[in-house]
Amino acid sequence: MYNQKVMDIFANPQHMGFIEDNDGVGKVGNAACGDIMEISLKIKDNVITDAKFRTFGCAAAIATSSVATGMVIGMTVDEALKLTNAKVVEYLEGLPPQKIHCSVLAEEAIKAAIENYYERSGKKPADGDKEIKYV
Ligand code: FES
């Protein structure tokens, strides 16, 4: 069902774990499948310096968690807010249609972690005080 790239990343995921002294943490779940994803971020001078995930879910959820956390490290918070599940799926060279929702979980977990960072730090997104949009 999965392509080789997804299977390779699932077999050897990066950035697993939890950052205890995080600056933002987001936990989201998918009601349909019951899977849960949590992403914690370390942020310095508005740049994400570390990201880790804990995911209880399928191979697609694990692979997208690994890719999404890897992608946001080094991004500014505002750049990370623009990361879409489509970009993660593109990096993975595709997911089966019934597994696209798993990649949405990764996008939502990053947005939730950034939202938590904004709440805790009192900072706001660079493009004004718009609310963070979920897809
Ligand atoms: Fe639930 Fe993949 S089936 S996250």
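Remember, it's a predicted structure, so these values are computed and weren't measured experimentally. First listed ligand is number 1; within each ligand, the first listed atom is number 1.
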Sequence-distant partners of Arg120, salt bridge (Lys or Arg N to Asp or Glu O under 4.0 Å), two or more places apart: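 Scan of Arg120 (salt bridge (Lys or Arg N to Asp or Glu O under 4.0 Å), adjacent residues dropped) gives none.
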Indicate yes or no: does Lys111 engage Glu115 in a salt bridge with an N to O separation below 4.0 Å.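 Salt bridge: no.
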State the CD-CE distance between Gln4 and Met7, to the nearest 0.5 angstrom.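 Answer rounded to 0.5 Å: 7.5 Å.
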Sub-4.5 Å side-chain heavy-atom contact between Leu41 and Tyr117: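 No, too far: nothing below the 4.5 Å cut-off.
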Can you tell if the side chain of Asp78 reaches within under 4.5 Å of the side chain of Asn46, non-hydrogen atoms only?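 Counting from C-beta outward, Asp78 and Asn46 do come under 4.5 Å.
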2.8 Å shell around atom 1 (Fe) of ligand 1, exclusive bound, protein N/O/S atoms: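 There are 2 of them.
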Hphob cluster co-occupancy, Tyr2 + Met37, side-chain heavy atoms under 4.5 angstrom: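 As far as the 4.5 Å side-chain criterion goes, Met37 and Tyr2 are connected within one cluster.
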